[in-house]
S.K.: 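Dropping a structure here in structure tokens format, bear with me for questions.
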2 protein chains.
Amino acid sequence: MGVTKTDLFTKEQNELAILAKAFAHPARIAILQHLLKANTCINSDLVNELGLAQATISQHLRELKNAGLLQGNIEGVSMSYCIHPENWNRVKDLFNGMFDKIQHCGPKDECC
Amino acid sequence: MGVTKTDLFTKEQNELAILAKAFAHPARIAILQHLLKANTCINSDLVNELGLAQATISQHLRELKNAGLLQGNIEGVSMSYCIHPENWNRVKDLFNGMFDKIQHCGPKDECC
DNA sequence: AACTAACATCGTAATAATACGATATAACGA
DNA sequence: TCGTTATATCGTATTATTACGATGTTAGTT
């Protein structure tokens, strides 16, 4: 793409955008939802669950991990992933910090 | 990109991903934050505020509008944008529906 | 050691997103 | 009407993302 002009924006704006990008694919949402239910899973679970190739799942997992949403622990031969609890809550707070800033703007909410 | 296999995922997963994509650029976060403060703005406000070209701002505004996050009203010669209140709250609920599903997973939060 | 199972990484083709100049379009005022 | 102001849209070069086969890597098994 054209290069995003990161320097024009605040640290918070860039951070929120990076986090949102991690959520911005249905496969990654599906992975997160699976983990919210199952607490833990390995790559091959998700290959069966989602029907994407192993390499593709691995790539999505890495992106979620890079964003800090997941952590991975070696479990014998396989890699066990789970949601990173502290970061998850921080992300929640960051988004809600934005969501909650909306203000009532008129009797019928006619802002503009 | 390789084509995203939308049909593999649920409606909610695809919707969340589309919304997250709308948030996944610092310029769009900046636009939303500006609107949360100012309630209303026009294209040229943002050109001055953000330092991106007029065409670029217009493109970002369209994406935010397509995602349902903004609404626009004609105001004489210019276009007045504001946050779409109902959709904004629905988006908030959708994300929190996900954020809040995290469960305590152990004495030290060692999930995996 | 040889084999297997489970992943990660590489390479790459296909496709999407970003930025912006150039060019429409539309409303208002003189 | 003509010019001005404010946006939208088009075209396009550049860069990023997605998916997956092929190949590497590592831990356990026989």
Side-chain angles (χ1 to χ4, degrees), chain A residues 1-9 13-14 17-31 34-35 40-67 70-82 112, chain B residues 1-9 13-14 17-31 34-35 40-67 70-82 112:
Chain A
M1 327 170 181
V3 167
T4 297
K5 299 189 166 176
T6 304
D7 53 304
L8 291 179
F9 309 104
Q13 286 161 352
N14 284 310
I18 286 172
L19 287 167
K21 202 174 284 182
F23 290 111
H25 194 285
R28 293 195 289 270
I29 298 282
I31 289 172
H34 182 80
L35 277 171
T40 292
C41 74
I42 62 178
N43 187 306
S44 64
D45 292 342
L46 296 166
V47 173
N48 294 328
E49 182 92 2
L50 303 189
L52 288 169
Q54 182 264 318
T56 307
I57 298 289
S58 191
Q59 201 171 313
H60 283 304
L61 284 168
R62 185 174 42 166
E63 282 171 49
L64 288 168
K65 198 159 143 236
N66 285 344
L70 297 190
Q71 57 190 150
N73 281 52
I74 299 171
E75 182 95 14
V77 194
S78 60
M79 189 74 164
S80 177
Y81 287 97
C82 68
C112 63
Chain B
M1 327 174 184
V3 167
T4 297
K5 300 189 165 177
T6 305
D7 53 306
L8 291 180
F9 309 105
Q13 286 163 349
N14 284 310
I18 287 172
L19 287 167
K21 203 174 284 182
F23 289 112
H25 195 285
R28 293 195 287 271
I29 298 283
I31 290 172
H34 181 80
L35 277 172
T40 291
C41 74
I42 63 178
N43 187 305
S44 64
D45 292 343
L46 296 167
V47 173
N48 295 328
E49 183 93 0
L50 303 190
L52 289 169
Q54 182 264 318
T56 306
I57 298 288
S58 191
Q59 200 171 314
H60 284 303
L61 284 168
R62 188 176 36 168
E63 282 170 47
L64 287 168
K65 200 159 142 237
N66 285 345
L70 297 189
Q71 59 190 146
N73 282 52
I74 298 169
E75 184 94 11
V77 194
S78 60
M79 190 72 165
S80 178
Y81 287 96
C82 69
C112 62

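This structure is a prediction, so every number in the text was calculated from the model and none was measured. Labels below follow one simple rule: chain letters A, B, ... track the order of the sequence lines, proteins then strands, and each chain is numbered from 1.
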S.K.: Using a cut-off of less than 4.0 Å, is there contact between a side-chain N or O of B/His25 and OP1 or OP2 of C/dA19?
M.R.: yes

S.K.: I need the CG-C1' distance between A/Leu50 and D/dC20, as an integer number of Å.
M.R.: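 Those two atoms, CG and C1', are 15 Å apart.
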
S.K.: Tell me whether the OP1 or OP2 atom of D/dT7 has a side-chain N or O from B/Arg62 closer than 4.0 Å.
M.R.: no

S.K.: Please work out if B/Gln54 contacts a base, only the sugar-phosphate, or nothing of the nucleic acid, heavy-atom cut-off 4.0 Å.
M.R.: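 Base contact.
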
S.K.: Rounded to whole angstrom units, what separation is found between the CD atom of A/Glu75 and the P atom of C/dA8?
M.R.: 14 Å

S.K.: Is there side-chain contact between A/Phe23 and B/Lys21, with heavy atoms separated by less than 4.5 Å?
M.R.: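 A/Phe23 does not reach B/Lys21 side chain to side chain.
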
S.K.: Touch check for B/Ala55, heavy atoms < 4.0 angstrom, all strands: base, sugar-phosphate only, or nothing?
M.R.: base

S.K.: Measuring from the side chain of B/Lys5 (C-beta onward, heavy atoms only), which nucleotide among D/dC20, D/dA19, C/dA6 has the closest atom?
M.R.: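 Taking heavy atoms from C-beta onward, the closest nucleotide is D/dC20.
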
S.K.: What is the nucleic acid contact for A/Val77, judged by heavy atoms within less than 4.0 Å: base, sugar-phosphate only, or nothing?
M.R.: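 It contacts base atoms.
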
S.K.: Is there side-chain contact between A/Cys41 and A/His34, with heavy atoms separated by less than 4.5 Å?
M.R.: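 In contact.
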
S.K.: Any heavy-atom pair between the side chains of B/Leu50 and A/Leu8 that's under 4.5 Å?
M.R.: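 Result no, sub-4.5 Å side-chain heavy-atom pair not found.
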
S.K.: Indicate, with a heavy-atom threshold strictly under 4.0 Å, whether B/Thr56 touches base, sugar-phosphate, or nothing.
M.R.: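 Base: the residue B/Thr56, judged by heavy atoms under 4.0 Å, touches a nucleobase.
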
S.K.: Would you mind reading off the distance between B/Leu64 atom CG and C/dA17 atom C1', rounded to a whole angstrom?
M.R.: 14 Å

S.K.: State whether the distance check finds a donor on one side and an acceptor on the other, under 3.5 Å, for side chain A/Gln59 versus base C/dA8.
M.R.: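 Between C/dA8 and A/Gln59, which were checked side chain against base, a qualifying N/O pair under 3.5 Å is absent.
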
S.K.: Are A/Tyr81 and C/dA6 close enough that a side-chain N or O sits under 4.0 Å from OP1 or OP2?
M.R.: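 A/Tyr81 to C/dA6 OP1/OP2: no side-chain N or O under 4.0 Å.
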
S.K.: Within the side chain of A/Arg28, is there an N or O that forms a donor-acceptor pair under 3.5 Å with the backbone of A/His60?
M.R.: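 No, A/Arg28 side chain to A/His60 backbone: no donor-acceptor pair under 3.5 Å.
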
S.K.: Does a nitrogen or oxygen in the side chain of A/His60 sit under 4.0 Å from OP1 or OP2 of D/dA19?
M.R.: yes

S.K.: So what does A/Ser44 hit on the nucleic acid, given a heavy-atom distance under 4.0 Å: a base, only sugar-phosphate, or nothing?
M.R.: sugar-phosphate

S.K.: Want to settle it: does A/Ile74 or A/Glu63 sit nearer the 5' end of DNA chain D, counting the closest nucleotide to each?
M.R.: A/Glu63

S.K.: Please tell me which of the listed nucleotides, C/dA8, C/dT18, D/dT7, lies nearest to the side chain of A/Asn43?
M.R.: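 The nucleotide sitting nearest to the side chain is C/dA8.
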
S.K.: Could you tell me whether A/Leu52 contacts a base, only the sugar-phosphate backbone, or nothing, with contacts defined as non-hydrogen atoms closer than 4.0 Å?
M.R.: sugar-phosphate

S.K.: Closest-nucleotide mapping onto DNA chain D: is A/Gly76 or A/Val3 further toward the 5' terminus? I mean the 5' end.
M.R.: A/Val3

S.K.: Rounded to the Å, how far apart are B/Asn66 CG and C/dA16 C1'?
M.R.: 15 Å

S.K.: Under 4.0 Å, counting only non-hydrogen atoms across every strand here, what does A/Ile42 touch: a base, just sugar-phosphate, or nothing?
M.R.: sugar-phosphate

S.K.: The side chain of A/Ser58 is closest to which nucleotide in this list: D/dG21, C/dT18, C/dA8?
M.R.: C/dA8

S.K.: Just call it for A/Lys21: base, sugar-phosphate, or nothing, with non-hydrogen atoms closer than 4.0 Å on any strand.
M.R.: sugar-phosphate

S.K.: Which nucleotide sits closest to the side chain of A/Met79: C/dA8, C/dG21, C/dT18?
M.R.: C/dA8

S.K.: Could you tell me the separation between the CD1 atom of B/Ile31 and the OH atom of B/Tyr81, rounded to the nearest 0.5 Å?
M.R.: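 Result: 9.5 Å between the selected atoms.
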
S.K.: Between B/Asn14 (side chain only) and B/Thr6 (backbone N and O only), is there a donor and an acceptor less than 3.5 Å apart?
M.R.: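 Side chain of B/Asn14 to backbone of B/Thr6, a donor-acceptor pair under 3.5 Å: yes, one is there.
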
S.K.: Taking the nucleotide of DNA chain C with the nearest heavy atom to each, does A/Lys65 or B/Gly51 sit closer to the 5' end?
M.R.: A/Lys65

S.K.: Look at all strands and tell whether B/Ile57 reaches a base, only sugar-phosphate, or nothing, counting heavy atoms closer than 4.0 Å.
M.R.: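 Contact class for B/Ile57: none.
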
S.K.: Measure from CD1 on A/Ile31 to P on D/dA19 and round the result to the nearest Å.
M.R.: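 Atom CD1 in A/Ile31 sits about 10 Å away from atom P in D/dA19.
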
